[in-house]
Amino acid sequence: MNYWLMKSEPDDVSVDDALAAPNSTVAWTGVRNFQARNFMRNEMKIGDGVLFYHSSCAEPGIVGIARVVSESYPDPTQFDPKSRYYDAASKRDHPRWMLVDVQVTRKIPNITLAEMRQRPELAEMRVLRKGNRLSITPVDKEHWDALTKGTA
DNA sequence: GCCAACGTTGGC
DNA sequence: GCCAACGTTGGC
């Protein structure tokens with residue numbers, strides 16, 4: 001069992017959008033970074049914990065608890081010429097971009113990025129490191145526990 | 001809108 | 001394989 005933080009732009013897919021979807025589940029489309037893809041393709045397992053994070057918005061932070069609910073499979077948007085995530089270089093018999101389905105299990109009060117930076121026990125989190133841009137980062141169990149305790 | 005950080009591309 | 005140029009991310 002591993003833990004992850006996954007960034008989504010709420011203007012694109014917010015935690016409320018995900019909760020409103022069938023089974024509160026969304027396909028994590030649009031990742032176009034190889035490191036982030038590799039986490040989904042190679043390392044995520046069904047049941048892994050996910051911190052649902054809102055980015056590029058007024059109050060970036062963790063807004064929901066979720067879990068991985070599928071094996072990885074090709075991101076359909078890479079084959080859709082009308083999608084902003086279309087990738088002409090990716091072929092159906094050799095897809096470049098893989099994703100997983102993520103199910104939100106509960107919404108939580110926003111643990112803002114500013115608040116996270118103030119908590120010493122979270123200081124080593126990868127998402128807080130200077131210059132971090134990865135939209136998917138592994139989360140240590142100690143950080144997961146610190147962030148999810150008392151929110152059940 | 002700015003800009004630091006860093007990933008990707010492509011010429012050589 | 002190097003590395004400069006360029007593009008993107010994402011907080012502020």
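All chains are named by letter (A, B, ...) in the order of the sequence lines, taking the proteins before the strands, and each is independently numbered beginning at 1.
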Report summary line: With A:Ile62 as partner, the option from A:Val127, A:Val15, A:Leu147 fulfilling side-chain contact (heavy atoms from CB on, under 4.5 Å) is A:Leu147
Query - Sequence neighbours excluded - side chain to side chain donor-acceptor pair (under 3.5 Å) pairs with any residue from residues 46-59 of chain A - result: A:Trp4-A:Asp48
Requested in this report: May I ask you to check whether over 12 heavy atoms, not counting those of A:Glu124, lie within 6.0 Å of atom CD?
Outcome: no
Report task. May I ask you to decide if A:Gln78's main-chain N or O and A:Arg96's side chain share a donor-acceptor pair within less than 3.5 Å? Result -> no
**Report entry** Nearest-0.5 Å distance, CG of residue A:Asn2 to NZ of residue A:Lys45
**Finding:** 9.0 Å
Requested in this report: Check whether A:Leu113 and A:Ile108 end up in the same hydrophobic cluster, where Ile, Leu, Val, Met, Phe, Trp and Tyr are linked by side-chain heavy atoms less than 4.5 Å apart.
Outcome: yes
Report summary line: Ordered by number, residues from residues 29-36 of chain A within less than 4.0 Å of DNA chain C (heavy atoms) are none
Report summary line: Students should find that the nucleotides of DNA chain B closing off the region near chain A, any atom under 4.0 angstrom from a heavy atom, are B:dA5 to B:dT8
Report summary line: Sorted by number, residues from residues 84-93 of chain A placing a heavy atom under 4.0 Å from DNA chain B are none
**Report entry** Ring centre gap for A:Phe52 and A:Trp28 strictly below 6.0 Å
**Finding:** yes
Query raised in the report: Side chains of A:Trp144 and A:Leu51: does their closest heavy-atom pair fall under 4.5 Å?
Result: yes
**Report entry** Test ring pair (Phe, Tyr, Trp, His ring centres under 6.0 Å) applied to A:Tyr85 - qualifying residues, sequence neighbours left out
**Finding:** none
Query - Pairs satisfying salt bridge (Lys or Arg N to Asp or Glu O under 4.0 Å), at least one member in residues 7-32 of chain A, at least two apart - result: A:Asp12-A:Arg84, A:Asp16-A:Lys107, A:Arg32-A:Asp75
